[in-house]
Amino acid sequence: MLVIQNTLSGKKEEFKPINPPHVSMYVCGPTVYDYFHIGNARSFLISDMIRRYLEYKGYNVKFVMNLTDVDDKIIHKSKKENRSFSQVADTFTQAFFEDIEKLKVKPATLYPKATGHISEIITLISNLIDNGFAYNIDGNVFYNVARFKDYGKLSGKKTDELEVGARIEINNEKLNPLDFALWKKAKEDEPSWNSPWGKGRPGWHIECSAMSCKHLGDTFDIHAGGSDLIFPHHENEIAQSEAATGKPFVNYWMHFGFLNINEEKMSKSLGNFFTARDILAKYPAEAIRMFLFQTHYASPLNFSEEAIQAAQKGLEKFTNLVDKINSELSAPSQAAPMTDFDFPTFYSAFESTMDDDFNSPKAIAVLFDFIKEVNRKITESPSLNSGFYLKTKEFLEKTAIGVFGITSFEKEVPASSGIEDKLIELLLSIRATAKKEKNFTLADQIRDELLNLGVAIRDTKDKTLFKKV
RNA sequence: GGCGCUGUACCCAAGCGGUCUAAGGGGAAGGUCUGCAAAACCUUUAUUCGUCGGUUCGAAUCCGACCGGCGCCUCCA
């Protein structure tokens, strides 16, 4: 039984999709005004992991991630760089897709864009005005928070208390400082669309209501995002959607902890960030994923290169076993008796852990236990039935690869594979001869100098493996 | 000011009232294997969970106070 910590109730609840085996899931995606940073990446990777685990469970997941491609930051950047807002958005949309692919994120079912849904947005705003939940003041349309009695139910905020502490610049046009823009009247040199209220563009929150409704329906299963979106963004989405449809908007709200740096939230405005690109240039996607999944999604996580390196080191246990399996399966031995190994226990340990609100750190601990147990078998008996290796491979494919994407059975083909690998093989065969002749000085010299060149080698019984480091 | 999260070994981190004399990873130390390495395996590395009280037969887990860290209330994943 899968349970999910639901922000709406503040409790763990059993997950019951509206229409099983289908699951509808919406995650707030990027505003495409810059490269995303590793903190943003955390959200993308956590939602990827959640989606993958739901699929592991047999659900058919419709996973929608929006792209905010018109907004103040994009406009600001376009003015600064003297480009059109759509050029800026296109550039960083493309960069977004490049980066998530490198991070081995499984593509969402749909990536709807705000600018592709202007008519849906206008229809939704009209609906809200007609029902008295919104008002138009000189081409600016605002949501009337006071009209929505459940306002604050997600974030636990009370409207009267908010007003007290609010440092919002008071906009006299609004009836209430908490009211937020649904439609922003066009200014000079700003992108705009025609609407019943004149030229303008959508406010930030309305796009998510419009797009999630269009692609997932009035009520859907899971809506997720970073904790900083709880208020006001998700609170406002609820207000908009539920006022418009009269139905519950979302059944399960999930919120992710921040990625901190020096114990402070990583953010663009603080300037204390690393882009995912920068990190990907130094570390493989698997190491980044491992680093992130070794902490529970809702907890804050402090970023440090040491931590990524520790994760990468731990990952070697996976790759070493994968290499071993690959080499065993390339020369299968059916002869040995079938190995006695309790796969079902590991599957159920993995599942019961992940079923508990996606406890990935504990699930990864299960995987390490599994690896240790497999290695112990291998150590005990020199020759094992290939069926054992096949089942081991299948386990890793379903869990470590299918859910976490932290290793792979496919060999990465390096760009310069041709002659380079052949030269290494040549050196290794010379070294093998040297070893046979007990010329260990030469053998060690070859090993040391290969290592200096970034090639680590490892002798096994019948052959020598190498990998580039 | 309001609301919320958090403090576990050298570092990261799970733990959701009893199986905790507390998983897992990194690091460190010793051993087996190996020509030597590497990998793998074995052993060791918190009688203790920020501090002090309380509830309970029983608490890292619940309650209170205090100390420290963070976040939201304004764009932010």
Side-chain angles (χ1 to χ4, degrees), chain A residues 5 7 10 12 27-31 33 36-47 71-73 76 152 155-158 160-169 178 204 224-233 235 255-260 263-270 273 290-291 294-296 298-302 304 306-317 319-321 323-324 353 356-357 359-369 371-372 374-380 435 438-441 443-444 447-448 451 456-461 464-467:
Chain A
Q5 175 74 28
T7 310
K12 283 185 186 176
V27 176
C28 291
T31 299
Y33 74 105
F36 65 82
H37 61 64
I38 192 77
N40 304 119
R42 188 179 186 200
S43 289
F44 305 147
L45 291 176
I46 288 168
S47 38
D71 115 303
D72 291 348
K73 286 180 180 171
H76 181 252
S155 57
K157 304 210 181 285
K158 299 189 176 62
D160 47 345
E161 284 168 359
L162 274 171
E163 288 177 63
V164 175
R167 281 178 278 158
I168 310 163
E169 190 184 326
L178 284 176
W204 175 38
S227 298
D228 46 3
L229 297 182
I230 296 173
F231 191 90
H233 184 56
E235 195 69 74
H255 289 98
F256 312 145
F258 300 127
L259 188 77
N260 293 336
E263 309 300 339
E264 243 188 352
K265 179 182 172 185
M266 181 183 286
S267 76
K268 287 275 166 62
S269 37
L270 289 172
F273 63 90
M290 183 71 166
F291 161 66
Q294 273 188 301
T295 296
H296 186 76
S299 303
L301 168 58
N302 204 46
S304 72
E306 293 71 34
I308 294 188
Q309 283 159 7
Q312 188 173 12
K313 198 81 207 319
L315 232 29
E316 286 178 18
K317 284 196 158 55
T319 42
N320 288 333
L321 179 58
D323 288 347
K324 172 75 177 168
T353 296
D356 183 12
D357 197 27
N359 191 337
S360 60
K362 200 171 173 187
I364 287 171
V366 170
L367 299 184
F368 276 112
D369 288 340
I371 290 173
K372 176 161 279 190
V374 167
N375 280 328
R376 192 177 288 151
K377 280 283 175 217
I378 294 171
T379 307
E380 281 168 7
K435 275 177 64 181
K438 303 229 184 286
N439 183 353
F440 296 121
T441 316
D444 290 353
R447 181 173 63 198
D448 293 346
L451 189 59
I457 69 173
R458 197 169 112 207
D459 293 333
T460 65
K461 226 174 299 163
T464 297
L465 306 173
F466 71 90
K467 67 176 171 186

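Reminder, nothing fancy here: chain letters follow the sequence lines and each chain counts from 1. Remember, predicted model here, so these are calculated numbers, not experimental data.
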> Would you please name every residue forming a ring-ring contact (aromatic ring centres under 6.0 Å, His included) with A:Tyr33, sequence neighbours left out?
none

> Hey, does A:Gly10 reach any base, or is it just sugar-phosphate, or nothing, if we go heavy atoms under 4.0 Å?
nothing

> Quick one: A:Asp323 CG to B:A40 P, roughly how many Å, whole number?
11 Å

> When you check the phosphate oxygens OP1 and OP2 of B:G15, does a side-chain N or O of A:Asn359 lie under 4.0 Å from one of them?
yes

> Over how many whole Å does the gap from A:Leu367 atom CG to B:A14 atom P extend?
16 Å

> Which of the following nucleotides, B:C75, B:G35, B:C41, is nearest to the side chain of A:Ala443?
B:G35

> Among the candidates B:G35, B:C73, B:C16, find the nucleotide nearest to the side-chain atoms of A:Asp356.
B:C16

> Provide a list of protein-nucleic acid N or O atom pairs under 3.5 angstrom, restricted to nucleotides 68-71 of chain B.
residue: B:G71; atom: OP1; partner: A:Lys265; partner atom: N; Å: 3.3

> Under 4.0 angstrom, heavy atoms only, what part of the nucleic acid is A:Ile230 near: base, sugar-phosphate, or nothing?
nothing

> Sequence neighbours left out, what passes salt bridge (charged side-chain N to carboxylate O under 4.0 Å, His left out) with A:Asp369? Give chain and number order.
none

> For A:Thr379, report the nucleic acid contact type (base, sugar-phosphate, nothing); a contact means any heavy atom under 4.0 Å.
sugar-phosphate

> Taking only the side-chain heavy atoms of A:Lys435 (C-beta and beyond), determine which of B:C76, B:G35, B:A77 contains the nearest atom.
B:G35

> Roughly how far apart, to the nearest Å, are B:C20 and B:U48 at atom C1'?
10 Å

> Can you tell me, in whole Å, how much space there is between the P of B:U8 and that of B:G69?
14 Å

> Can you give one letter per nucleotide of nucleotides 24-31 of chain B, 5' to 3': B if a protein heavy atom sits under 4.0 Å from the base, S if only from the sugar-phosphate, - if neither?
SSSS----

> By ring-ring contact (aromatic ring centres under 6.0 Å, His included), which residues pair with A:Phe44, not counting sequence neighbours?
A:Phe36, A:Phe96

> At 4.0 Å (heavy atoms only), tell me whether A:Thr295 reaches a base, stays on the sugar-phosphate, or touches nothing.
sugar-phosphate

> Tell me, please, which residues at least two apart from A:Phe440 pass ring-ring contact (aromatic ring centres under 6.0 Å, His included).
none

> Using atom P in both nucleotides, what's the gap between B:U34 and B:G26 to the nearest angstrom?
25 Å

> Given atom CG of A:Asp71 and atom P of B:C75, what is their separation to the nearest angstrom?
11 Å

> Pick the nucleotide of RNA chain B nearest each of A:Thr441 and A:Thr31; which residue has the one closer to the 5' end?
A:Thr441

> In whole angstrom, give me the gap between the P atoms of B:U47 and B:C11.
14 Å

> Which atom names give the shortest non-hydrogen contact between A:Thr353 and A:Ala363, and what distance separates them?
CG2-N, 3.3 Å

> Taking atom P of B:C73 as reference, at what distance in whole Å does atom NE2 of A:His255 sit?
13 Å

> Starting at atom CG of A:Leu178, determine the distance to atom P of B:G2, rounded to an integer number of angstrom.
18 Å

> Applying a 4.0 Å non-hydrogen cut-off, can you work out what A:Asp459 is touching in the nucleic acid: base, sugar-phosphate, or nothing?
base

> Using Watson-Crick pairs (N1 to N3, plus N6-O4 or O6-N4) and G-U wobble pairs, both distances under 3.5 Å, which stems of at least 3 pairs involve RNA chain B?
B:1-7 with B:67-73, B:10-12 with B:24-26, B:27-32 with B:40-45, B:50-54 with B:62-66

> With A:Ser227, which residues qualify under side-chain hydrogen bond (donor to acceptor under 3.5 Å, both in side chains), at least two apart?
none

> Determine the interatomic distance between P on B:A28 and the same-named atom on B:C67; round to the nearest Å.
39 Å

> Any side-chain heavy atom of A:Asp357 sitting closer than 4.5 Å to one from A:Asn359?
no

> What interatomic distance, in whole Å, is found between C1' of B:G17 and the corresponding atom of B:G25?
28 Å

> Return the set of residues passing salt bridge (charged side-chain N to carboxylate O under 4.0 Å, His left out) with A:Lys268 (not counting sequence neighbours), or none when no residue passes.
none

> Identify, with sequence neighbours excluded, every residue that meets salt bridge (charged side-chain N to carboxylate O under 4.0 Å, His left out) alongside A:Arg447.
A:Asp444

> When rounded to the nearest Å, what value does the distance between C1' atoms of B:U6 and B:C66 take?
16 Å

> Given atom CZ of A:Phe256 and atom C1' of B:G4, what is their separation to the nearest angstrom?
18 Å

> Do A:Arg458 and A:Asn320 pass the side-chain contact (heavy atoms from CB on, under 4.5 Å) test, and can you show the C-alpha distance, the side-chain angles, and the key distance before you say yes or no?
CA-CA 11 Å; A:Arg458 197 169 112 207; A:Asn320 288 333; 3.0 Å; yes

> At under 4.0 Å between heavy atoms, what does A:Gly225 touch on the DNA or RNA strands: base, sugar-phosphate, or nothing?
sugar-phosphate

> If I take atom NE2 in residue A:His296 and atom C1' in nucleotide B:C5, what distance separates them, rounded to the nearest angstrom?
13 Å

> In whole Å, measure the gap between the P atoms of B:C49 and B:A38 for me.
38 Å

> What's the shortest heavy-atom distance between A:Ala443 and A:Lys435, and which atoms?
CB-CG, 3.8 Å

> Which heavy atom in A:Ile46 sits nearest to a heavy atom in A:Phe256, and how many Å separate them?
CG2-CE2, 3.5 Å

> NA contact type, A:Ser299, heavy-atom cut-off 4.0 Å: base, sugar-phosphate, or nothing?
sugar-phosphate

> Does any donor-acceptor pair link the side chain of A:Arg447 with the base of B:A37 at a separation under 3.5 Å?
yes

> Taking only residues two or more places apart in sequence or in another chain, which ones pass ring-ring contact (aromatic ring centres under 6.0 Å, His included) with A:His233?
A:Trp204, A:His205

> Does a nitrogen or oxygen in the side chain of A:Asn40 sit under 4.0 Å from OP1 or OP2 of B:C76?
no

> Classify A:Leu259 by what it touches in the nucleic acid, base, sugar-phosphate, or nothing, heavy-atom distance under 4.0 Å.
base

> In whole angstroms, how far is the P atom of B:U34 from the CG atom of A:Leu465?
18 Å

> Tell me every residue that passes salt bridge (charged side-chain N to carboxylate O under 4.0 Å, His left out) with A:Lys317, counting only those two or more places apart in sequence or in another chain.
none

